[in-house]
Amino acid sequence: MQILSLIRDRFEKALTGLVVDPASHTQRITVARDSRHGDYQANIAMSLKAEMGLPPQQIAAEIVARLQIDDICLPPEIAGPGFINLKLRDDFLATQVTLSATDSRFGVEAIVPRRYVIDYSAPNVAKPMHVGHIRSTVIGDALVRILRFLGHRVVSDNHLGDWGTQFGMIIYGYKNFVNENGFAENPVAELSRLYRLVQQVIGYQDAYPKLAKAEAAVLDAQQLYQAANAKAASDPKAKAGAKQAAKSLRAAEELLESLQQKVSAIESEPALEAIAQNHQNLEQKVQFETAKLHAGDTTNLELWNKFLPISISEIDSVYRRLNINFDYTYGESFYHEMLEPLVSKLVVAGMAVESEGATCIFLPGFEAPMIVRKRDGAFLYATTDLATIEYRMQHFQPDVILYVVDHRQGEHFSKLFAAAKAIGYENVDLQHISFGTVLGSDGKPFKTRSGSVIGLEYLLDEAVDRAYQAVCDPQRLQKAGLNMPEEEKRHIANTVGLGAIKFADLSHNRTSDYEFNTEKMVQLEGNTSAYIQYMYARAQSIMKKSDSQISRESVAGYSVIFAESAERDLVLQLLQFEDALHQSVEAYYPSVLASYLYSVAKQFAVFFDQCPVLIASTEQLKRSRLAICFSTSEVLRLGLSLLGIGTVDRM
RNA sequence: GCACCCAUAGCUCAACUGGAUAGAGCAUCGGUCUACGGAACCGAAGGUUAGAGGUUCGAAUCCUCUUGGGUGUACCA
């Protein structure tokens, strides 16, 4: 039962014959922001002033007169400049909540399905996963779950980076620097070491020749800065120039510092320095290995086949912990054979042309073209992405393809989507579900103090450890009267810790950057999953203690009554579950569902505080409150599960 | 240089996409309860929504400019 759409339907009927396009106005009916204005509000009349040429209050009165809604609401009230305020009838709320509680989907109805392909997570194989991979993975997974629950047909696809330069790096690294014993003992760690080693040396070789120039640039910038400052002192108009100069100076200094870091990382270790000396132009050598792999070189292909499962098993272990599954994992390599024919086809059709030796698609509105084949004949990720669209259209016939990828690739996707349209894919809705950066507490991209990235597994471990300490603190458990075996404690810590990481991510508006702070997110108070999980556990505990056996089958016999306002407030929120789901996928913001669940949990805490259940004044009231506990549990458990977060019966 | 994004309470974030007195959580201060597990509940304080104009019944939200930050920018992904 979607209350909002029910109300909108009634308004649409009332507006029919009154205005030109009734449906377009009903979007302006929303949950009341302030409960003093009722439960829902319609902000329609004001915007109809121009169309109807009447004062908004009069329009509102007209609408209300035509509105048939008394089976759901109390008589509507008109307020302020023409708001129509609605308050739902108590008997309606009571009936609906019982009805929902008897349903395993809490009354959420399946809708006309659309076909979705959701492209998310997409880590680079052979590079260790880090905190940056959390967002795509967790947001994508939540969208898959919610859309599926609503009845859509969803294909989840992990577009693994399994064919890129990083393989050239570990192939070269393996051929030249492998520690055989280390590889035999722990291949994942050894590959990761090789990757870092090669990356460091390339970084060094790239940075070293630039050092002198960067030093000079800093000196120049300093001079310019001083000159500009001197000028600004006498001439206020030159102030902007001085600021600009300060900015340039800072940029030059930062560049120099990062170069120096790369250089000293190698020079501080003689072994690394020797490698750098003995393997000049490593970047080109690595590119050569990559090119050989792409060309089908037997040795490199064998190595690729050897390394791939190793890296994938590591990634899979992260997915297993996070309980994330994909329908398909078609990595870049999967599309490899399709690139050449695709580019040829585009060239023949005249859609791709040669420019400066590269094969390009020029797109109106973009300065630079989309390059689909490099001068040296190699293909790029743009090529793969186009081939991927083609493949998905042929095999999945989606109405929508969502790319859950960080915002820095915004321009790439605008180009890709324009190109896809240009080559004939006009009937698919392509959307870049972009998200912000994960920051450290210094407001900069999340890294260790020394600048290296932190492994994802480590962060998961940390969250679980902290959760264990907080939730399974012996004193706390004793005070709560909870006696549990070690195994259960670990299970709880796992559910709470991993939930905390997911929830911290999902509760933020995806387009904002957010600060990653394990300490805070597992602090287990405030806007965290632990708080919600805790409220769920408390509701479970009450039901367990009652002698009546409430269940989905029996709850129909527990009619709901409102003795306190806390009960009505909670029930109203529970019935907005379906609205929250629809709203969260409307523009693909899982954060809408996350904050809905938090406010339900908070509302339950109020109910819990003010409405004794087991010792309620009458048996009827006790049964009503049990039904409310049951319904709350259902919504919290279901809702969290749609975010990929679990619950436990006690914690 | 050009393009896109951002700036909201001391801190971390919301604000249903133009609605009524901008809300939560931390932190601070004060209060409640011999009720179902004190990770509880209630209250106070905290804001010229970076600044200046504009659009209209109405702006944190849309437009213009200014300031400060981030990101991307022809052969990496």
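Order of the sequence lines sets the chain letters (A, B, ...), proteins ahead of strands, with each chain counted from 1. Model, not experiment: these values are computed from the prediction.
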When we call it a touch if two heavy atoms are under 4.0 Å apart, what does [X] touch: a base, just sugar-phosphate, or nothing?
X	value
A:C611	base
A:V372	nothing
A:Q166	nothing
A:H37	base
A:R375	base
A:S512	sugar-phosphate
A:D376	nothing
A:Q41	base
A:A605	sugar-phosphate
A:F413	nothing
A:A580	nothing
A:S595	nothing
A:V613	base
A:L380	sugar-phosphate

Determine the Euclidean distance between corresponding [atom1] atoms of [M] and [N]; express it in Å to zero decimal places.
N	M	atom1	result
B:A22	B:A45	P	14 Å
B:C63	B:U56	C1'	13 Å
B:A9	B:A14	P	13 Å
B:U8	B:U61	C1'	12 Å
B:U32	B:G69	P	49 Å
B:G70	B:A52	C1'	23 Å

For [X] and [N], what is the distance between atoms [atom1] and [atom2] respectively, to the nearest whole Å?
X	N	atom1	atom2	value
A:Q27	B:G19	CD	P	13 Å
A:Y596	B:C13	OH	P	26 Å
A:L439	B:C6	CG	C1'	12 Å
A:M46	B:A20	CE	C1'	8 Å

(Q) Both A:A470 and A:C360 contact RNA chain B. Which one's nearest nucleotide lies toward the 5' end? (A)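 Counting from the 5' end, the first nearest nucleotide belongs to A:A470.
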
(Q) Between A:I615 and A:N509, which residue's closest nucleotide on RNA chain B lies nearer the 5′ terminus? (A)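 Residue closer to the 5' terminus by nearest nucleotide: A:N509.
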
Q) Are A:R623 and A:Y558 in a cation-pi setup, meaning NZ or CZ lies under 6.0 angstrom from the ring centre and within 45 degrees of the ring axis? A)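 Cation-pi check for A:R623 and A:Y558: passes.
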
Q. Is the cationic atom of A:R538 (NZ for Lys, CZ for Arg) positioned less than 6.0 Å from the six-membered ring centroid of A:F604 and within 45 degrees of its normal?
A.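 Checked: cation-pi criterion not met.
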
Presence of [X] side-chain N/O under 4.0 Å of [N] phosphate oxygens OP1/OP2:
X	N	answer
A:N43	B:G58	no
A:R33	B:C16	yes
A:R28	B:G18	no
A:S47	B:U56	no
A:Y531	B:C41	yes
A:K49	B:C57	yes

Q. Is there a donor-acceptor pair closer than 3.5 Å between any side-chain N or O of A:D513 and the backbone N or O of A:T437?
A.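 Confirmed, A:D513 side chain pairs with A:T437 backbone.
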
Q) So, is B:G38 syn or anti if syn means the angle is within 90° of 0? A)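 Syn, angle within 90° of zero.
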
**Q.** side chain to side chain contact (heavy atoms under 4.5 Å, CB included) involving A:A418 - partner list, sequence neighbours excluded
**A.**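 Only A:L363, A:F366 meet the side chain to side chain contact (heavy atoms under 4.5 Å, CB included) criterion with A:A418.
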
Q. Which of the following nucleotides, B:A20, B:A74, B:A35, is nearest to the side chain of A:F83?
A.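 Taking heavy atoms from C-beta onward, the closest nucleotide is B:A20.
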
Q.
Closer than 4.0 angstrom, basic N to acidic O: yes or no for A:E515 and A:K520?
A.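 Answer for the salt bridge query: no.
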
